[in-house]
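Predicted model only: the values in this text are computed from it and were never measured.
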Amino acid sequence: MHTQLLGIDWGTSNRRAYLVGRDGKCVARHADEQGMLAVGGDFAGSLAALRARMEVADGVPVVMSGMVGSAGGWQEVPYLDTNVALTDLPAHLAPVKGQAGCYIVPGYCARDGAVDVMRGEETQLLGAVGRGLLDGWVVLPGTHSKWVYLRAGKVDQLVTYMTGELFSMLAAGGTLAALMAGAPDDDSAFGAGLQEARRARPLSNALFGVRARVVSKTMAAAQSRSFVSGLLIGTEFVAAQGHADGAVDIIGSPALSARYRSAAAHFGMPARAHDPDDVYLAALAYFFESV
């Protein structure tokens with residue numbers, strides 16, 4: 001019987017690892033930028049180096065989630081249909097070829113209506129279910145922000161927004177990049193961006209409107225970065241108003257959670273924030289009997 005488990009949230013750019021015991025306590029943790037793109041295909045070597053760094057014994061099983069299971073990851077793992085309950089995830093772990101005691105958690109694919117997918121978030125959702133969150137909307141902000149409706153511990157609806165990726169691209173190059181560069185956080189500008197999202201005009205039109213506001217002296221350039229953030233996040237909430245009523249639960253970093261809670265308040269939606277580390281650790285408890 002294994003007394004410890006190494007859980008790894010292995011994304012595209014970053015990686016977080018947690019060594020936990022059966023009592024649920026985290027013995028050691030590590031975070032780095034050795035995501036899928038950084039390891040150059042040498043996932044086995046990267047895992048061995050991580051084990052050594054964290055002083056994890058060879059016999060300790062490993063459960064990995066995230067883009068490590070994508071087509072460009074270590075080993076592609078097929079998506080599960082959303083009729084599979086989150087608590088059944090341990091029964092669907094995929095063994096990694098040539099790596100004894102090493103497994104990948106599958107993601108989910110929603111096929112009712114618009115097709116949508118997720119990898120990595122399902123493990124956080126499992127932890128949320130383990131902490132008693134069985135029904136309602138859960139928002140997981142990030143590069144690709146997920147809105148997931150849970151019904152009796154199953155993924156009932158899944159909607160993804162490329163909010164974080166769009167923000168990074170706009171800030172890195174193009175018409176708005178020079179305006180957004182080095183601009184400080186500005187709560188009032190963020191709120192103005194949320195309000196602009198309420199107008200529900202096409203997003204490309206609203207984004208050009210940021211430049212128009214600056215060149216017409218209607219808004220200071222220093223406010224543009226927060227305004228764009230509010231506009232993009234607000235677009236999620238405008239879309240959600242058609243299907244998300246009542247409270248939302250947010251699983252994200254402190255900074256992102258604060259932004260999304262502010263947006264939720266603006267749109268009259270009560271919100272609760274959950275620490276992503278806490279829900280991930282809660283999920284790992286489910287995998288001990290399956291590895």
Side-chain angles (χ1 to χ4, degrees), residues 86 110 114 116 118 120-168 170-171 183-203 206-207 209-210 223-280 282:
L86 286 158
D116 213 323
M118 65 178 170
E121 293 89 357
E122 76 292 319
T123 305
Q124 291 183 315
L125 290 169
L126 171 60
V129 168
R131 292 162 62 91
L133 184 56
L134 299 175
D135 299 277
W137 282 100
V138 182
V139 183
L140 302 100
T143 302
H144 297 154
S145 180
K146 307 287 183 181
W147 285 65
V148 181
Y149 189 77
L150 297 179
R151 190 185 301 276
K154 290 184 177 181
V155 176
D156 186 69
Q157 296 182 56
L158 167 61
V159 185
T160 302
Y161 301 91
M162 295 175 65
T163 301
E165 183 173 353
L166 278 174
F167 183 83
S168 296
L170 291 167
D185 288 340
D186 185 318
D187 290 341
S188 64
F190 179 75
L194 294 175
Q195 188 61 33
E196 179 65 17
R198 283 183 177 274
R199 295 181 62 188
R201 57 176 170 158
L203 181 59
L207 285 169
V210 177
Q223 294 180 302
S224 60
R225 186 178 184 89
S226 291
F227 186 94
V228 169
S229 176
L231 175 60
L232 293 176
I233 292 174
T235 299
E236 292 184 34
F237 280 85
V238 168
Q241 285 189 316
H243 53 244
D245 297 318
V248 294
D249 287 87
I250 302 167
I251 301 174
S253 68
L256 277 176
S257 290
R259 279 285 162 113
Y260 275 74
R261 289 184 72 177
S262 176
H266 180 89
F267 285 90
M269 301 171 67
R272 296 171 294 189
H274 304 263
D275 185 273
D277 284 354
D278 289 345
V279 294
Y280 191 85

Checking Glu236 against Thr163 for the side chain to side chain contact (heavy atoms under 4.5 Å, CB included) test, could you report, in this order, the C-alpha distance in whole Å, the side-chain angles of both residues, the deciding distance, and whether it holds? CA-CA 8 Å; Glu236 292 184 34; Thr163 301; 2.5 Å; yes
With a 4.5 Å heavy-atom cut-off, do Arg259 and Asp185 have their side chains touching? yes
Straight-line distance of Thr160 OG1 to Leu140 CG, nearest 0.5 Å: 10.0 Å
Any non-hydrogen side-chain atom of Pro141 less than 4.5 Å from a side-chain atom of Ile250? yes
Sub-4.5 Å side-chain heavy-atom contact between Leu150 and Leu86: yes
Taking every non-hydrogen atom, the tightest pair across Arg225 and Ala171: NH1-CB, 3.8 Å
Between Ser145 and Tyr260, which heavy-atom pair has the shortest distance, and what is it? OG-OH, 3.6 Å
I'd like to check Asp278 versus Arg131 (side-chain heavy atoms, cut-off strictly below 4.5 Å). Are they in contact? yes
Quick one: does any side-chain atom of Ser168 pair with a main-chain N or O of Gly164 as donor and acceptor, under 3.5 Å? yes
Is the shortest side-chain heavy-atom distance between Leu133 and Leu125 below 4.5 Å? no
Would you say Gln195's side chain and Gly193's backbone share a donor-acceptor pair under 3.5 angstrom? no
Any heavy-atom pair between the side chains of Trp137 and Met269 that's under 4.5 Å? no
Between Ala263 and Ile233 the two heavy atoms that sit nearest each other are CB-CG2, 3.8 Å
Sub-4.5 Å side-chain heavy-atom contact between Val139 and Asp249: no
The reported gap from CG in Leu231 to OG in Ser226 (rounded to nearest 0.5 angstrom) is 12.5 Å
Taking the side chain as every heavy atom from C-beta outward, state whether His274 and Gln124 have any pair of such atoms under 4.5 Å apart. no
Can you measure from CD (Glu165) to CG (Leu170) and round to the nearest 0.5 angstrom? 10.5 Å
Does Met118 form a side chain to side chain contact (heavy atoms under 4.5 Å, CB included) with His144? I'd like the steps, not just the answer. CA-CA 9 Å; Met118 65 178 170; His144 297 154; over 6 Å; no
So, taking the atom named CZ in Arg272 and the one named CD1 in Ile251, what distance separates them when rounded to the nearest 0.5 Å? 11.0 Å
Is the count of non-hydrogen atoms from other residues, nucleotides or ligands lying under 6.0 Å from Asp135 atom CG greater than 12? yes
So, using side-chain hydrogen bond (donor to acceptor under 3.5 Å, both in side chains) as the criterion, who are the partners of Asp186 when residues are at least two apart? Ser188
For a quick test of reading the model, state the closest non-hydrogen atom pair linking Gly252 to Ser257 and the distance between them. O-OG, 3.1 Å
Quick one: pull up OG in Ser262 and CG in Asp187 and give me the separation to the nearest 0.5 Å. 6.5 Å
In terms of ring plane angle, is the pair Phe237 and Phe267 parallel, tilted or perpendicular, where the classes change at 30° and 60°? parallel
Please find the pair of heavy atoms, one from Ala271 and one from Ala264, that lie closest to each other, and give the distance. CB-CB, 3.8 Å
Evaluate side chain to side chain contact (heavy atoms under 4.5 Å, CB included) for Leu232 paired with Tyr161, printing each intermediate quantity in order. CA-CA 9 Å; Leu232 293 176; Tyr161 301 91; over 6 Å; no
Supply the atom-to-atom distance Phe167 CZ to Thr143 OG1, rounded to the nearest 0.5 angstrom. 12.0 Å
Between Glu122 and Leu158, is a side chain to side chain contact (heavy atoms under 4.5 Å, CB included) present by the stated rule, with each step listed? CA-CA 11 Å; Glu122 76 292 319; Leu158 167 61; over 6 Å; no
